[in-house]
Amino acid sequence: MENKTSAYDHKKIEKKWQKKWEADGIYKSKDKSKKPKYYCLIEFPFLSGEGLHVGHVRSYTAMDIIARKRRMEGFNVLYPIGYDAFGLPIENFAIKTGRPPALIVKDTAATFRRQLKDNGLSFDWDREVNTSDPEYYKWTQWIFLQLLKNGLAYKKKMPINWCLSCKIGLANEEVIDSRCERCGSETDKREKEQWMLAITKYADRLDKDLDLMDYLPKIKTQQRNWIGKSEGAEIVFNIKGSDESIKVFTTRPDTIFGATYLVLAPDHPLIREFLISNFQFSNKSEVEKYAIEAKKRTEIERTAEGKEKTGVELEGVKAINPANQKEIPIYVADYVLAHYGTGAIMAVPAHDERDFEFANKYNLPNIEVVKEGKMIASGKFDGLTSEEAKSKITEFVGGQMKTTFKLRDWVFSRQRYWGEPIPVILCDTCGIVPLAEKDLPLKLPKVENYKPTETGESPLAAVTKWVNVKCPTCKGSAKRETDTMPNWAGSSWYFLRYIDPKNKKAFADKNKLEYWTPVDWYNGGMEHTTLHLLYSRFWHKFLYDIGAVPTVEPYQKRTSHGLILADGGEKMSKSKGNVINPDSIVSTLGADTLRVYEMFMGPFSEAIAWNPDGVVGSRRFLERVWRAFSKVSADKKLENEDISILLNQTIKKVGEDIEEMKFNTAISALMILLNEFEKHEVIPKSYYEIYLILLAPFAPHIAEELWIMLGNKKSIHLSLWPKYKLEHKKDGKIKIVIQINSKLRDFVEVMAGMEDEALKTIVLERPIVKKWLAGQPVEKMFIVKDKLVNIVS
RNA sequence: GCCGCGGUGGCGGAAUGGUAGACGCAAUAGACUCAAAAUCUAUCGGGGGCAACCUCGUGAGAGUUCAAGUCUCUCCCGCGGCACCA
């Protein structure tokens, strides 16, 4: 008996089910539940006006699959969504069109919302957040005030990119080869007072606590390298005939006998001091010129190995190597960075690649002091291992062992309009006066012009009504801070707001935080590993320290997805015209096809190019699932051993692959089972139902439609995830691979679990084995139980 | 340059140190059709052979091992990040 079905038409079913699911609220998370909680998180989309990218669909579908599986496993799942709504693209669009950014955000968010819904993602839409909403950024500002109160926010002069022609500050992205992206003229660096956050105070904990977390190893490694903890020594070198001295940081104090010169960073404070003081050296103007030129180059240019090293000697000045009292020259060179260590190094050409290059160019001596791990040419330390020598030599020269980090404090100011205003008042008498918490949110005022100003200040500086205020402390006239916060601010804590998005009294209720934190699984891009991920861990740790959140870390588990590239392997971009719009796939082939294709197209963690031909394969797969329905029969007698074994293996495989985010092989397993179904005249209903449940997280609409067509009343998405049992064939036979001298030569079927000796006898009797051995004596036989025999002759 | 990741058929890829190429796309041949599309069947890494089968083959080179796509080292190429795009 064939069941009568029409052809698979995604247009008839996808919208229908999306509406029904939303009306029934089946994806809503409950703040109180007897079920265990599970918090799934994806990086919320950054609003840019280009709409949803197929890359968003990739990572959101992946986490959607996990969220759906967790619900079927009996968890109370939180899978929320929101918008990262401040930032440059919206601001630039506002400058171009004159439309208020808030309105642009409203439209853009509406498009994203519609697109996300079209994909059948199981978000809890009641918890949507938007970082540019004053009710949201009120709490971003609140967190800033807590940071300020606790001494973690401070102001410091920092260089910013400056376009000499536009007279505005530029983001790094807007500077291309030292030229302004807008007008093409030269850029420079300019010192500007900036708000800083002291993330370095958390460096050690951010490093150590990675041990507690379930992050992919490559993510931990990259964070650790970014934090860059290193043990070394600070050693003072005196300057001959002067009270001045230079403190260097080195990770290799053992090599000090090979230190043949010192290097100061061009922006080292001592340089400026030397230049203005009456400290005597003969080429002051040359040094000054070098320091100014160095400012124009980026750090990547400056420190690149292979690129020619440059530097200028401070002529007539010598430092004394404290190990051997030798006089050595001092250079200023841009391969040394002011903000790392002490901004000065002792150079050991024999044991450092970059020092070696520099020494070669300037004909500086090269003295080898470590050979095969042992000290040489190092006076009384000769013969010690390099490790032993580190602390002994440091002590001998009066240095101090010291831990340093590569991590730098976070530049938190932007001279831009479209960001959270920094809630402080600057008073000539009282200094920095934080706004009272009751005055939050400090809303962005309406402005005429969204462009940064020619003084380098944010457009807010031009809104005199807003800027000029009375000092809350002394009541004298004062000004508001006009810098705004970077996007990283709002995105550093958004996952906490999802927990209680409408709370007016706190960023989230304590009990709700207690229930939902930490995030159980956070997936995002590798490109966010060192900035967003680290910044939000820092904020969370701070909030923990002030008792505002109950967990030390925000995210229990972190995984990452690969980018989706355009057909030829290039990045998708509007200007190249190679962008795939998910809308067009959803309307022509359906959301289920798009979801299945993106999960099947390749390994989730790796970058992959879009293949327009590949999409149809996923559509064909779903059509075959649809057609299989017509062969379903409820007759129990049809259940069959071969299919049953494969079905159970598939349940296991799909479940395990989802956990490891190996979605491509999970779908492949579903295809293999479908191929098996198709070989039979009828498909037992019980098998087909399990099949639909396994498919449901990937293709929720078609699975639901077929499920209801089978006569089920409740949504498939409220089903339980199936259990499997691993069965063997009733005759218990297994195929064993036979290798002779590691080459595949034969197979044999034997009973599973056969003893080695019995197997050896059987194998050696095989005619093919005898032929290949050709009378040669058997030296050894390697046996992998129930799998393989390798005969070595 | 530094840090991280990757390189397997025509293409996307699969493979707890144990049968390389699962699954899918494209292609070729056939069936169905007046025809086409769709669908179904078969073939599908290179070389040799009527065939059984043999042989070479996972970016290049070396090494460890009974056994290497997988582990180690060197090199080449591609991608992500490098702190104001987010």
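Reminder, nothing fancy here: chain letters follow the sequence lines and each chain counts from 1.
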Could you measure between the two [atom1] atoms, the one in [N] and the one in [M], and give it in whole Å?
N: B:rU58; M: B:rG49; atom1: C1'; answer: 26 Å
N: B:rG78; M: B:rU65; atom1: C1'; answer: 31 Å
N: B:rU43; M: B:rU8; atom1: P; answer: 26 Å
N: B:rC84; M: B:rU70; atom1: P; answer: 40 Å
N: B:rG59; M: B:rG10; atom1: P; answer: 13 Å
N: B:rA20; M: B:rA15; atom1: P; answer: 16 Å
N: B:rU55; M: B:rU28; atom1: C1'; answer: 26 Å
N: B:rC73; M: B:rA22; atom1: C1'; answer: 32 Å

Could you please name the partner base of [N], counting Watson-Crick and G-U wobble pairs only when both distances are under 3.5 Å?
N: B:rG69; answer: none
N: B:rC25; answer: B:rG10
N: B:rA36; answer: none

Please report the distance, rounded to the nearest Å, between [atom1] in [X] and [atom2] in [N].
X: A:F356; N: B:rG1; atom1: CZ; atom2: C1'; answer: 17 Å
X: A:F600; N: B:rC11; atom1: CZ; atom2: C1'; answer: 13 Å
X: A:M599; N: B:rC25; atom1: CE; atom2: C1'; answer: 18 Å
X: A:R745; N: B:rC66; atom1: CZ; atom2: P; answer: 19 Å
X: A:I768; N: B:rC54; atom1: CD1; atom2: C1'; answer: 13 Å

- request: Would you mind telling me which residue lines up with the more 5' stretch of RNA chain B, A:I608 or A:G617, judged by nearest nucleotide?
  value: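 Its nearest nucleotide being more 5', the pick is A:I608.
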- prompt: Pick the nucleotide of RNA chain B nearest each of A:E623 and A:I219; which residue has the one closer to the 5' end?
  reply: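 The residue whose closest nucleotide sits nearer the 5' end is A:I219.
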message: Apply salt bridge (charged side-chain N to carboxylate O under 4.0 Å, His left out) to residues A:R619 and A:E623 and explain how you reach the verdict.
response: CA-CA 6 Å; A:R619 168 74 191 202; A:E623 282 173 358; 2.8 Å; yes
field: A:F495 ring center within less than 6.0 Å of A:Y522 ring center
entry: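 Ring centres of A:F495 and A:Y522 not closer than 6.0 Å.
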A:Y691 ring center near A:F677 ring center (under 6.0 Å):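 Yes; A:F677 has its ring centre under 6.0 Å from that of A:Y691.
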Please determine, for the side chain of [X], which listed nucleotide ([options]) has the closest atom?
X: A:P89; options: B:rC85, B:rC25, B:rA83; value: B:rC85
X: A:P603; options: B:rC84, B:rG13, B:rU39; value: B:rG13
X: A:L407; options: B:rA83, B:rA14, B:rC5; value: B:rA83
X: A:M671; options: B:rG24, B:rA83, B:rG4; value: B:rG24
X: A:V616; options: B:rA86, B:rC25, B:rG13; value: B:rC25
X: A:N611; options: B:rC25, B:rC66, B:rC85; value: B:rC25
X: A:Q415; options: B:rC84, B:rG24, B:rC79; value: B:rC84
X: A:L531; options: B:rC82, B:rC56, B:rC84; value: B:rC82

field: N-O pairing of A:R416 and A:E174 below 4.0 Å
entry: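 Yes, A:R416 and A:E174 are salt-bridged.
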query: Can A:K679 and A:E676 be counted as an ion pair, charged N to O under 4.0 angstrom?
result: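 A salt bridge is present here (some side-chain N lies under 4.0 Å from a carboxylate O).
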message: So, applying side chain to side chain contact (heavy atoms under 4.5 Å, CB included) with A:E193, which one of A:K157, A:M158, A:K156 is it?
response: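 That would be A:K157; it is the only one of A:K157, A:M158, A:K156 passing the side chain to side chain contact (heavy atoms under 4.5 Å, CB included) with A:E193.
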query: For A:I791, which of A:I783, A:V778, A:N741 qualifies under side chain to side chain contact (heavy atoms under 4.5 Å, CB included)?
result: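 That would be A:V778.
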message: I want to verify the glycosidic state of B:rG78; is it syn or anti under the 90° rule?
response: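 Because its glycosidic torsion lies more than 90° from 0, B:rG78 adopts the anti conformation.
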- prompt: For the salt bridge (Lys or Arg N to Asp or Glu O under 4.0 Å) test, which of A:K229, A:K220, A:R224 pairs with A:D207?
  reply: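 Exactly one option meets the salt bridge (Lys or Arg N to Asp or Glu O under 4.0 Å) with A:D207, and it is A:R224.
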Using a cut-off of strictly less than 4.0 Å, decide whether [X] has a side-chain nitrogen or oxygen near OP1 or OP2 of [N].
X: A:R620; N: B:rC25; result: yes
X: A:N172; N: B:rC84; result: no
X: A:N664; N: B:rG13; result: no
X: A:K780; N: B:rU65; result: no

task: Would you kindly check if the NZ (Lys) or CZ (Arg) of A:K309 is within the cone defined by 45 degrees around the ring axis of A:F358 and under 6.0 Å from the six-membered ring centre?
output: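 No, A:K309 does not lie over the aromatic ring of A:F358.
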message: Using a heavy-atom cut-off of 4.0 Å across all strands, would you classify A:I160 as base, sugar-phosphate, or nothing?
response: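 Base: the residue A:I160, judged by heavy atoms under 4.0 Å, touches a nucleobase.
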query: What is the ring orientation for A:W539 with A:W410, classed by angle as parallel under 30°, tilted 30 to 60°, or perpendicular over 60°?
result: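 A:W539 and A:W410: tilted rings.
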All N/O contacts under 3.5 Å from nucleotides 16-19 of chain B to the protein, with atom names and distances to one decimal?
| from | atom 1 | to | atom 2 | distance (Å) |
| --- | --- | --- | --- | --- |
| B:rG18 | N2 | A:Q739 | OE1 | 3.4 |
| B:rG18 | N2 | A:N790 | ND2 | 3.2 |

